[in-house]
Asker: 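The structure that follows is given in the form of structure tokens.
Because only heavy atoms are used, hydrogens play no part in the values below, and waters and symmetry mates are left out as well, while side chains stay in.
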Amino acid sequence: MVDAPGRKPADAVPVRGLPERGRVLCRGFIESVTYAPVGEVAAFTAIITDHDAPAPRARAAVPAPQAAPAGNRRRRPAAAADRLRVVWLGRRRIPGVKAGLELRLEGMVTVRDGLPTMFNPRYEILSRLEEQ
């Protein structure tokens, strides 16, 4: 990946510091990946989090939320502030991208279904897992 003009790797913002929308350069660790089945539209999805983010707490039983009006769809809930959904459309897999890796990502951030989301970002693998 070629760095954006005038940017250094140190300029990458943490996932918790992402704006609601706009072009960003960020870095984080892959928490999980989702593979699309053959019968569905090809999309490879990863959830990115900061390395030093606190572990998710067990959730207490909470009544199901009421359906929100369509205008509230883009609001980011407080619990989602430490995660970023990354979606590569048209791909079922990306070689080398798996849970536990550190990535640097560059792309446009928007909020979809209450979670900050980046579609088809440029990426660079910053760490490799030890093969066991």
Side-chain angles (χ1 to χ4, degrees):
M1 175 173 109
V2 177
D3 290 332
R7 290 206 178 178
K8 299 174 189 162
D11 292 343
V13 298
V15 173
R16 277 179 261 160
L18 291 174
E20 287 285 319
R21 63 179 64 192
R23 179 165 284 289
V24 296
L25 176 64
C26 70
R27 68 189 299 165
F29 290 82
I30 300 175
E31 181 178 271
S32 63
V33 295
T34 304
Y35 301 102
V38 175
E40 292 184 12
V41 175
F44 180 76
T45 304
I47 301 296
I48 310 295
T49 187
D50 292 321
H51 179 66
D52 58 349
R57 289 182 260 145
R59 295 184 184 183
V62 178
Q66 300 295 328
N72 290 341
R73 180 176 152 208
R74 293 183 180 267
R75 289 216 177 123
R76 183 189 300 187
D82 62 348
R83 287 188 166 70
L84 169 68
R85 178 190 305 133
V86 179
V87 181
W88 285 276
L89 299 170
R91 305 282 303 263
R92 293 201 186 277
R93 294 179 182 265
I94 296 182
V97 174
K98 52 185 145 187
L101 288 177
E102 183 178 16
L103 291 178
R104 184 169 60 170
L105 302 157
E106 181 181 2
M108 296 295 290
V109 173
T110 187
V111 177
R112 292 283 181 213
D113 301 323
L115 197 62
T117 304
M118 203 182 273
F119 291 97
N120 295 327
R122 299 176 86 182
Y123 69 96
E124 178 180 8
I125 297 174
L126 298 177
S127 66
R128 299 242 181 236
L129 295 175
E130 295 285 330
E131 296 299 325
Q132 296 178 2

Asker: For V15, does its backbone N or O pair with a side-chain atom of T49 as donor and acceptor, under 3.5 Å?
Answerer: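 Answer holds: no.
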Asker: Nearest heavy-atom pair of A99 and E31: which atoms, and what distance?
Answerer: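 So the two residues come closest at CB-O, 3.9 Å.
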Asker: Minimum heavy-atom separation for P121 and W88, please, with both atom names.
Answerer: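 Closest approach of P121 to W88: O-NE1, 3.4 Å.
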Asker: Atom CE of M118 and atom CZ of R112: how far apart are they, to the nearest 0.5 Å?
Answerer: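 Reported to 0.5 Å precision, the distance equals 14.0 Å.
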Asker: Rounded to the nearest 0.5 Å, what separation is found between the CZ atom of R16 and the CZ atom of R83?
Answerer: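 Spacing of CZ (R16) from CZ (R83) equals 11.0 Å.
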Asker: Can you find a pair of side-chain heavy atoms, one from L115 and one from I47, that are under 4.5 Å apart?
Answerer: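 Side-chain contact under 4.5 Å: yes.
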Asker: Flag the pair I30 / I48 as yes when at least one side-chain heavy-atom distance between them is below 4.5 Å, and no otherwise.
Answerer: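 Of all side-chain heavy-atom pairs linking I48 with I30, at least one is under 4.5 Å.
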Asker: Give me each pair satisfying ring-ring contact (aromatic ring centres under 6.0 Å, His included) with a member in residues 90-113, each pair once, sequence neighbours excluded.
Answerer: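 Sorted result for residues 90-113: empty, none.
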Asker: Considering non-hydrogen atoms only, spot the tightest contact between A36 and A43 and give its length.
Answerer: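 Residues A36 and A43, closest heavy atoms: CB-O, 3.4 Å.
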Asker: Checking R104 side chain against L25 main chain: does a donor-acceptor pair fall under 3.5 Å?
Answerer: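 Not a single qualifying donor-acceptor pair exists.
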Asker: Are the side chain of D50 and the backbone N or O of D82 linked by a donor-acceptor pair below 3.5 Å?
Answerer: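 Absent.
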Asker: So, for E102 and F29, which heavy atoms are closest and what is the spacing to 0.1 Å?
Answerer: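 Where E102 meets F29 most closely, the heavy atoms are CB-CE2, 3.5 Å.
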Asker: Could you tell me which non-hydrogen atom of Y35 sits nearest to which non-hydrogen atom of R93, and how far apart they are?
Answerer: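 Closest approach of Y35 to R93: CE2-NH1, 3.6 Å.
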Asker: Any chance you could measure I125, atom CD1, to K98, atom NZ, to the nearest 0.5 Å?
Answerer: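 So the CD1 of I125 and the NZ of K98 are separated by 9.0 Å.
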Asker: Considering only heavy atoms from C-beta outward, does the side chain of V109 approach that of R21 to under 4.5 Å?
Answerer: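 No, every pair of side-chain atoms sits at 4.5 Å or beyond.
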Asker: Does some side-chain heavy atom of V97 sit less than 4.5 Å from a side-chain heavy atom of F44?
Answerer: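 The answer is yes, as the side chains (C-beta and beyond) meet within the 4.5 Å cut-off.
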Asker: Could you see if L84 belongs to whatever hydrophobic cluster contains V33? Use Ile, Leu, Val, Met, Phe, Trp, Tyr and a side-chain cutoff under 4.5 Å.
Answerer: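 Yes, L84 and V33 fall within the same hydrophobic cluster.
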Asker: Could you check I94 against Y123 for side chain to side chain contact (heavy atoms under 4.5 Å, CB included), going step by step and ending with a plain yes or no?
Answerer: CA-CA 11 Å; I94 296 182; Y123 69 96; 3.1 Å; yes
Asker: Check for me, please, whether M108 and L105 land in the same ILVMFWY cluster - side-chain distances under 4.5 Å, paths through other members count.
Answerer: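 Each belongs to a different hydrophobic cluster.
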Asker: Working to the nearest 0.5 Å, report the span between OG1 of T110 and CG of L18.
Answerer: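 Here the interatomic distance stands at 12.0 Å.
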